[in-house]
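So the structure is just underneath, and the comments pick up after that.
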Amino acid sequence: MQQLSAINDLVIRFANVNGTGSASANNMFAKSIFRMGLPVTPKNIFPSNIQGLPTWYEVRVNEHGYLGRRAGVDILVSVNPQSMAKDVASVRPSGYFIYDNTREIDKNLIREDIHYIGVPMIELCRQHFTTDTRSHQLLKNMIYVGALVALLDIEVEVVKGLIADQFRKKEKLIPPNYQALELGIQYIKDHYTYPLGLRLERRNLIGESILIDGNTACGLGAVYAGATVAAWYPITPSTSVVSAFEKYVKRLRKDEETGKNKYAVVQAEDELAAIGMVIGANWNGARAFTATSGPGLSLMSEFLGLAYFAEIPLVLIDVQRTGPSTGMPTRTQQSDLTSAFYASHGDTKQVLLFPSTPKECFDFTADAFDLAERLQTPILIMTDLDLGMNDHMSPPFQWDDKRLYDRGKVLSASDLEGLERFGRYEDVDGDGIPYRTIPGTHPTKGSYFTRGTSRNEMAQYTEDSEPYVRNMDRLVKKWNEAKSHVPAPEFYQEKDKGKQGMIFFGTSTYAALEALDQLEAAGVPMDAMRIRSTPFSDEVRDFIGRHKTVYVVEQNRDAQMRSILVNELDVDPFKLVPVLNYDGMPITAEAITKQVSRTLQSASNGKAYADPQHS
C-alpha cells in the first residue's frame, strides 16, 4: 500500500470520550509542535454535555503557515469505540489509524486502503501502573502521545518539558506521565517501522508568536481598556470571556492600600438583566461590557435598541455558535450578523467589529471601549466559537502605557459652568455626536432625563414628528462619522490583478487566504479584501465596484454579510457570489475553491452563479 509522505504538513485527529482527561494530553501534543518552531492550529470539537459523548481534537501542522482547517485526516488516534466507525471512514486513503488493540478491532472496521497501528494502551497501563481505573484512563492518553512522538519523530525532551510545566504544582504526577510517554515510544520502536513518511522537523517559523484563544484575548483586552464592570449570563461559547476578565482583574483591580476590589463581575439571572446592568454602569460613567452568544443576543436585542437610541456606550462580545434556537451550542458559525447589525426593532444599525486573530480580539476589545464612548453607541465584537475557544497562533499583544482612554464628548464641571444651556442631543459640532455628562459632575447643571421614548434636542419628551425626524437623521450622520473611526478593511494586493475579487472576514480569513493561493496556482488570480468592521467605508464600495464578480465567503446558510453589503452599499446583487459553509465546522480552503470553481464553470456555460448550498 502507498505510504503518505510529507514533512511538516499533516492533519492529526484524536477521537476521545468527553471527560476522560484527553484535553490536557492533546493540548500538550499541539504545544510540543509549536515549541519545535512549527505553525500549528488545534481545533477542539466537543459535545454540549459534560461527560460521556464523543469528542475530537484536530491538529493541523503546516510549515507554509496555512492555519485554516484542512479537509481530510492523515492520522487518526482512536480511543473511543462509540465513534470508531465514523473515525475509520474519516481517514484519507493511505492514511493511518492508531487504536487501542487491548481488544481486537471489529473486522467490519478494516479498510484495505489505510494503515492500522495498534497500541495496547489499557493493557500497558495495567502492566505498569498499580493505580485505579481512572488513573489508567488518564495515563492512556500519554501513551498515545508517546506513540506519536516515535512515529512523527517529535523531540522527546520538548514533550517532557510540557509535562513538567503541566504538573509543576502536582510534582508527584510527573514521573508516571514520563513513564507512560516512554511506554508509548518504546512500543512503537519494538513493533513498527518508525518514523512514518509523515514527519515533523524543527523549524524556526513562529518568531515571537504566541498560542492563545480569542476569549482570553478579549477578556484581557477589556482589562487594558479600563473596564471595571462585567455582567453576563453564562452561555457556551462565551463564558470564558468573562472568566478570563475576572482572572485578570482579581490581580490588577485591587486597591493597594485597602485591599478592596475596584471591579464588579456579576452573574445575572438572565441575559436581559446582564445587559441592563451594563447599560446602567456605562451611563453612570464606568466602562462595562457583557459577553454572550446567539440566543443571548436575541434576548438582548431590545436593550441594544435602547442603548442605540438613548446613545449610551456599550460593549458586547458575541462569540457566535450554530443556530437558530439552541442549535449546536459547541459548533461554530458566523450566523449572528443580521441580528447583530440590525439589532432591535425600528431603524437601527449597530457598529460591528470582526477580529480574525487573538491579537485582533485583544486590540478590538480595547478599541471598542474608546469607540463606544466616542460614538455613544453599542459596539459589538463578532467573534465565533472557533476563534474564541480554540488556541490560535497570534502575534504577541502590545500595549502603549502612555495611551490615554478616549472618553469622547464628556462635559466636565468647568465645561458646564461656561455653558448657557446644555442640550443632551444637540449636534453642536456637526458630526452627529452630541455632548454628554456623567451623573454627579455638577450640582445644578448637566442633568437630563434618559429615555427610550422620542425626545427633542433638550432630552424632553415629545411625540412631534419634526424633532423625531431630526434625531433620526442625526443618528445617520453619526453613523457616517463612525466610518472614519472603525478599523479599515485590509487588502492583500498592491494593485488589482483582474476582475475577480474575494471578500471575507473573521475566522473565514484562514481558509480564504489558502484558497487564494490554490486558485492562483490553478490560473485564477483573485484580488482580496478582509472586512474588519461596519459601517462599511468607501473602500469597500470601491473594491466591489472595480470587480466584475466578487465572492463573499462566510459561515452561515443565508449569506448574511452579502445581504448587508447589498442593502448598505446598494450594489448589484448579481456581482456578489456567496461562498458558504454552515455545517458547524470551520470552513476549509477546499470548500472555497470548490464553490468558486463551480461558479466559474457555470459562468463559462452561460449560467448564473451555482447554488452554493449544493456545492
List the residues meeting side-chain contact (heavy atoms from CB on, under 4.5 Å) with Ala286, not counting sequence neighbours, and say none if there are none. Thr228, Val229, Ala281
Using the salt bridge (Lys or Arg N to Asp or Glu O under 4.0 Å) rule, take Asp386 and Lys43 through it: C-alpha gap first, then chi angles, then the decisive distance, then the call. CA-CA 7 Å; Asp386 179 24; Lys43 309 289 185 192; 2.9 Å; yes
Does the [X] side chain pair with the main chain of [Y], one donor and one acceptor, at a distance under 3.5 Å?
{"X": "Ser209", "Y": "Pro395", "value": "no"}
{"X": "Gln334", "Y": "Gln555", "value": "yes"}
{"X": "Asn261", "Y": "Tyr263", "value": "no"}
{"X": "Thr441", "Y": "Thr437", "value": "no"}
{"X": "Ser508", "Y": "Phe504", "value": "no"}
{"X": "Gln350", "Y": "Ala340", "value": "no"}
{"X": "Tyr461", "Y": "Thr453", "value": "no"}
{"X": "Ser484", "Y": "Glu481", "value": "yes"}
{"X": "Ser533", "Y": "Pro487", "value": "yes"}
{"X": "Asn177", "Y": "Leu173", "value": "yes"}

I'd like to know whether CD of Glu269 has more than 12 heavy-atom contacts from other residues, nucleotides or ligands below 6.0 angstrom. yes
Should we say atom NZ of Lys254 is surrounded by more than 12 heavy atoms from elsewhere, each under 6.0 Å from it? yes
If the threshold is 4.0 Å, N to carboxylate O, is there a salt bridge linking [X] and [Y]?
{"X": "Asp165", "Y": "Lys160", "answer": "no"}
{"X": "Arg424", "Y": "Glu311", "answer": "no"}
{"X": "Asp427", "Y": "Lys477", "answer": "yes"}
{"X": "Arg530", "Y": "Glu360", "answer": "yes"}
{"X": "Arg331", "Y": "Asp384", "answer": "no"}
{"X": "Asp255", "Y": "Lys260", "answer": "no"}
{"X": "Glu58", "Y": "Arg69", "answer": "yes"}
{"X": "Asp429", "Y": "Arg474", "answer": "no"}

Tell me the closest heavy-atom pair linking [X] and [Y], and the distance in Å.
{"X": "Thr332", "Y": "Thr322", "answer": "O-OG1, 3.4 Å"}
{"X": "Arg321", "Y": "Ser293", "answer": "CG-OG, 3.3 Å"}
{"X": "Cys218", "Y": "Thr383", "answer": "SG-CG2, 4.3 Å"}

Would you say the ring centers of Trp283 and Phe449 fall short of 6.0 Å from each other? no
Do the ring planes of Tyr405 and Trp399 sit parallel (below 30°), tilted (30 to 60°) or perpendicular (above 60°)? tilted
Parallel under 30°, tilted from 30 to 60°, perpendicular over 60°: which one fits the rings of Phe289 and Phe369? perpendicular
Pairwise distance [atom1]([X]) to [atom2]([Y]) - rounded to 0.5 angstrom:
{"X": "Asn26", "Y": "Asn141", "atom1": "CG", "atom2": "CG", "answer": "7.0 Å"}
{"X": "Ile212", "Y": "Leu220", "atom1": "CD1", "atom2": "CG", "answer": "7.0 Å"}
{"X": "Ile279", "Y": "Thr290", "atom1": "CD1", "atom2": "OG1", "answer": "10.0 Å"}
{"X": "Tyr308", "Y": "Thr348", "atom1": "OH", "atom2": "OG1", "answer": "6.5 Å"}

Find out whether [X] and [Y] are in side-chain contact, i.e. whether some heavy atom of one side chain is under 4.5 Å from a heavy atom of the other.
{"X": "Pro358", "Y": "Phe397", "result": "yes"}
{"X": "Thr236", "Y": "Thr330", "result": "yes"}
{"X": "Asp336", "Y": "Met382", "result": "yes"}
{"X": "Ile206", "Y": "Leu38", "result": "no"}
{"X": "Leu211", "Y": "Lys31", "result": "yes"}
{"X": "Phe354", "Y": "Leu337", "result": "yes"}
{"X": "Arg407", "Y": "Arg287", "result": "yes"}
{"X": "His485", "Y": "Leu375", "result": "yes"}

For Glu271, salt bridge (Lys or Arg N to Asp or Glu O under 4.0 Å) partners two or more places apart: none
Please check if any side-chain donor atom of [X] sits under 3.5 Å from a side-chain acceptor atom of [Y], or the reverse.
{"X": "Gln320", "Y": "Asp318", "answer": "no"}
{"X": "Glu302", "Y": "Ser344", "answer": "no"}
{"X": "Asp213", "Y": "Thr216", "answer": "yes"}

Where do Phe364 and Lys359 land on the side chain to side chain contact (heavy atoms under 4.5 Å, CB included) test, with the steps shown first? CA-CA 8 Å; Phe364 285 10; Lys359 184 179 188 303; over 6 Å; no
As a quick check of understanding, evaluate salt bridge (Lys or Arg N to Asp or Glu O under 4.0 Å) for Lys262 and Glu256, giving each step before the final call. CA-CA 10 Å; Lys262 297 193 291 184; Glu256 293 183 1; over 6 Å; no
Using the six-membered ring of Phe536, assess whether NZ or CZ of Lys483 lies under 6.0 Å from its centre and within 45 degrees of the ring axis. no
Would Arg455 pass as a cation-pi partner of Tyr425, given that its NZ or CZ must be under 6.0 Å from the six-membered ring centre and within 45 degrees of the axis? yes
Derivation of the side chain to side chain contact (heavy atoms under 4.5 Å, CB included) call for Leu387 and His392: CA-CA 7 Å; Leu387 179 55; His392 292 260; 4.1 Å; yes
Can you check side-chain hydrogen bond (donor to acceptor under 3.5 Å, both in side chains) on Ser240 and Asn215, steps first, answer last? CA-CA 6 Å; Ser240 56; Asn215 282 359; 2.8 Å; yes
Begin from the C-alpha positions of Ser24 and Asn27 and carry the test side-chain hydrogen bond (donor to acceptor under 3.5 Å, both in side chains) through to its verdict. CA-CA 5 Å; Ser24 295; Asn27 187 254; over 6 Å; no
Under the criterion salt bridge (Lys or Arg N to Asp or Glu O under 4.0 Å), I'd like the reasoning laid out for Glu457 against Arg421: C-alpha separation, chi angles, the key distance, then a yes or no. CA-CA 11 Å; Glu457 287 80 358; Arg421 71 170 197 170; over 6 Å; no
Apply ring pair (Phe, Tyr, Trp, His ring centres under 6.0 Å) to Tyr224 and Phe362, showing your working. CA-CA 9 Å; Tyr224 273 79; Phe362 175 83; 5.6 Å; yes
Would Tyr57 and Phe46 count as a ring pair (Phe, Tyr, Trp, His ring centres under 6.0 Å) if you check the C-alpha gap in whole Å, the side-chain angles of each, and the deciding distance to 0.1 Å? CA-CA 8 Å; Tyr57 189 85; Phe46 59 100; over 10 Å; no
